[in-house]
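Side-chain atoms are counted along with the backbone in the values below, which use heavy atoms only and exclude waters and symmetry mates.
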Amino acid sequence: MTANNRLYAGAALGLAAAAAVGFGAARLTQSPPPPAPVETPATPKGAANVVAMTPRAISASQIGVAPAAAGELDAAILASATVEATPDAEAVLTARAPGTVTRIFTRIGDPVRAGQTLALVESRDASQIAADRAAAAARVTLAGRQLSRERSLLNQGVSPRADFETAQANLAVAQADARRSAAAAGAARVSADGRSVAVVSPVSGRVTSAGANLGQFVAAETELFRVADPSRLQITASVPPAEAGRIRPGDRVELTTSDGRTIEGRVRSATGVVDPQSRTATVVVTPTAGGSTLVPGQLIQAKILASGGAVRNGVTVPQDAVQTLGDQTVVFVRTRTGFVARPVRIGSRSSGMVAIADGLAAGTPIATTNAFLLKAEIEKETAE
């Protein structure tokens, strides 16, 4: 090999070595390329009606779990009601004859007993009635004496039997007239002096109204007093006609006064007829406990638990267990991992309980208390 050839070969080897060294330095100083992206499988989202929760978390949140109950739920009917005295415990006292009020023995609020005289009304009609009674009694006495005489004469054979029978008839007529006069005097309550008629209470109770004034002239049948027994009360409730057919005698009633007191009662009867003025049906309620605190004329609220509208062989849950998600009414059913919201169709509500018409079987474990926490959790997850 010539000197030139050796020179050219050495240069080529030097260039190759320099290129190799430069390429290696470039590879060492260059930043490494980013790794190829690895596709991560998407995390499956939970269903919008499922809440995962451990037993410890359920206990910490104080969420009560109990099976849905099977049974009957009364359908409550709300109605306005008025306290009244029973028909045989209230009396309107009037003047039985026209005249002037001369004596007043009681005032409003005073207790009275049955048969007690509250006032006297002096009346000419009373004098006439007393005179008729006395005259009728005198005719009875005269007819009795004539009959006795005719009987004696008949026994002696002096008087014919026809005269004796006539005397008997006269006595019977006189006695009938005397009874009529006595009845008229009793109905007018004519006093013993024959000048006045007495205003007498037929019931025991208290004077609730006193419109009589001393010296006042009153016409016959003018109302002077009202007497009521506050311990004998009834409540009349006005219910819509559509609800009246579901009420049965003996149904339980919860009466609520204006100050929040609750009194128990029972349905005594229902008229079954709609009043043409108020367009409502009347239900009569008898208080069974706490009625002594009521007074006639008081307005109260009645909640009638109508057995005719009860859900029989149905499912009932506490009212707190029923929640609303969007446009659905749901209850939260307990599962192995937490709860699931199950849509249901509800029926009536009463006393903190709800009747489930469809969507839930009796005995299904559900969240009964603090179910709103589960609703809030679902709504939070949906928002996120």
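When all heavy atoms of Phe332 and Gln323 are compared, the closest pair comes out as CE1-CG, 4.0 Å. Listed here is the closest heavy atom pair of Val239 and Ala244: CG2-CB, 3.9 Å. Across all their heavy atoms, Ala68 and Val317 have their closest contact at CB-CG1, 3.9 Å. The two residues Thr236 and Glu84 come nearest to each other via the heavy atoms OG1-OE2, 3.3 Å. Ala371 and Asp320 get closest at one heavy-atom pair: CB-O, 3.7 Å. Residues Ile104 and Ala212 share a closest heavy-atom pair of CD1-O, 3.7 Å.
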Query - Worked verdict on Arg96 versus Val190 for side-chain contact (heavy atoms from CB on, under 4.5 Å) - result: CA-CA 9 Å; Arg96 302 297 180 88; Val190 175; over 6 Å; no
Report task. Check the pair Phe339, Asn49 against side-chain contact (heavy atoms from CB on, under 4.5 Å), reporting the backbone distance first and the verdict last. Result -> CA-CA 8 Å; Phe339 295 91; Asn49 63 341; over 6 Å; no
Report task. Mind running salt bridge (Lys or Arg N to Asp or Glu O under 4.0 Å) on Asp259 and Arg261 for me, showing each step along the way? Result -> CA-CA 6 Å; Asp259 56 358; Arg261 290 181 294 108; 3.0 Å; yes
Report task. Check the pair Arg248, Asp251 against salt bridge (Lys or Arg N to Asp or Glu O under 4.0 Å), reporting the backbone distance first and the verdict last. Result -> CA-CA 6 Å; Arg248 304 288 184 269; Asp251 285 348; over 6 Å; no
Requested in this report: Might you work through the side-chain contact (heavy atoms from CB on, under 4.5 Å) test for Asp88 and Val203, ending with a clear yes or no?
Outcome: CA-CA 8 Å; Asp88 58 345; Val203 297; over 6 Å; no
Requested in this report: Please lay out, stage by stage, how Glu254 and Arg252 fare under the test salt bridge (Lys or Arg N to Asp or Glu O under 4.0 Å).
Outcome: CA-CA 7 Å; Glu254 295 179 0; Arg252 189 167 64 89; 3.1 Å; yes
Query - Derivation and outcome, side-chain contact (heavy atoms from CB on, under 4.5 Å), residues Val330 and Arg342 - result: CA-CA 5 Å; Val330 301; Arg342 178 177 296 178; 5.9 Å; no
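A donor-acceptor distance shorter than 3.5 angstrom exists from the side chain of Arg266 to the backbone of Gly250, with no hydrogens or angles considered. Remark: the backbone N or O of Val340 is not paired with any side-chain donor or acceptor of Thr335 at under 3.5 angstrom. Using a distance-only test at 3.5 Å, with no hydrogens or angles considered, no donor-acceptor pair links the side chain of Ser152 to the main chain of Ser148. Side chain of Thr369 to backbone of Gly64: a donor-acceptor contact under 3.5 angstrom is found. Between the Arg334 side chain and the Gly338 main chain, a donor and an acceptor come within less than 3.5 Å of each other. Between the Gln146 side chain and the Ala143 main chain, no donor and acceptor come within less than 3.5 Å of each other. Of the possible polar contacts, none joining the Arg151 side chain to the Phe164 backbone as a donor-acceptor pair under 3.5 Å is found. Under a 3.5 Å cut-off, the side chain of Asp177 and the backbone N or O of Ala174 do not form any donor-acceptor pair. Between the side chain of Ser191 and the main chain of Ser196, a donor-acceptor pair closer than 3.5 Å is present. Looking only at distances, a side-chain donor or acceptor of Thr222 sits under 3.5 Å from a matching main-chain atom of Ala219.
With rounding to the nearest 0.5 angstrom, the CG atom of Leu93 is 9.5 Å from the CZ atom of Arg226. The CG atom of Asp163 lies 11.0 Å from the CZ atom of Arg149; values are rounded to the nearest 0.5 Å. Atom CG of residue Asn170 and atom CG of residue Leu147 lie 9.0 Å apart, to the nearest 0.5 angstrom. With rounding to the nearest 0.5 angstrom, the OG1 atom of Thr286 is 13.5 Å from the CD atom of Glu264. Between the CG atom in Leu224 and the CD atom in Gln216 there is a gap of 7.0 Å [rounded to 0.5 Å]. Interatomic distance, Asn370 CG to Ser61 OG, rounded to the nearest 0.5 Å: 8.0 Å.
For the pair Ile346 and Ile356, the minimum side-chain heavy-atom distance is below 4.5 Å. Inter-residue side-chain proximity for Val344 and Asp358 is flagged as unmet; no heavy-atom pair is nearer than 4.5 Å. Residues Arg103 and Val121 form no side-chain contact, since every pair of their non-hydrogen atoms from C-beta on lies 4.5 Å or further apart. Between Lys375 and Leu325 there is a side-chain heavy-atom pair separated by less than 4.5 Å. A heavy-atom distance below 4.5 Å is found between the side chains of Ile366 and Leu360. When side chains are defined from C-beta on, Val65 does not count as touching Thr368, because their heavy atoms never get closer than 4.5 Å. Under the 4.5 Å side-chain criterion, counting only non-hydrogen atoms from C-beta, Ser269 is not in contact with Pro249. The shortest side-chain heavy-atom distance between Met53 and Leu374 falls under the 4.5 Å cut-off.
Under a hydrophobic-cluster definition in which Ile, Leu, Val, Met, Phe, Trp and Tyr are linked whenever side-chain heavy atoms come within less than 4.5 Å, directly or via other members, Val200 and Val227 are assigned to different clusters. Side-chain heavy atoms closer than 4.5 Å link hydrophobic residues (I, L, V, M, F, W, Y) into clusters, and following such links, possibly through other members, connects Leu233 to Ile300. Hydrophobic clustering, with ILVMFWY side chains joined whenever heavy atoms are under 4.5 angstrom apart, keeps Leu78 apart from Ile235. The hydrophobic clustering, which links ILVMFWY residues whose side-chain heavy atoms are closer than 4.5 Å, places Val199 and Phe105 apart. By the criterion of side-chain heavy atoms lying less than 4.5 angstrom apart, applied directly or through intervening Ile, Leu, Val, Met, Phe, Trp or Tyr residues, Leu294 is not grouped with Val284; the two fall into different hydrophobic clusters.
The neighbour count for Arg232 CZ, taken as heavy atoms of other residues, nucleotides or ligands under 6.0 Å away, is above 12. Summarising the local packing, CD of Gln62 is surrounded by 12 or fewer heavy atoms from other residues, nucleotides or ligands at distances under 6.0 Å.
Among pairs with a residue in residues 204-215, none fulfils side-chain hydrogen bond (donor to acceptor under 3.5 Å, both in side chains), at least two apart in sequence or across chains.
A side-chain donor from one of Ser159 and Glu150 sits under 3.5 Å from a side-chain acceptor of the other. Residues Asp125 and Ser123 have side chains that never bring a donor and an acceptor to within less than 3.5 angstrom of each other.
In summary, of the residues considered (Val207, Leu118, Thr117), a side chain to side chain contact (heavy atoms under 4.5 Å, CB included) with Ser201 occurs for Leu118 alone.
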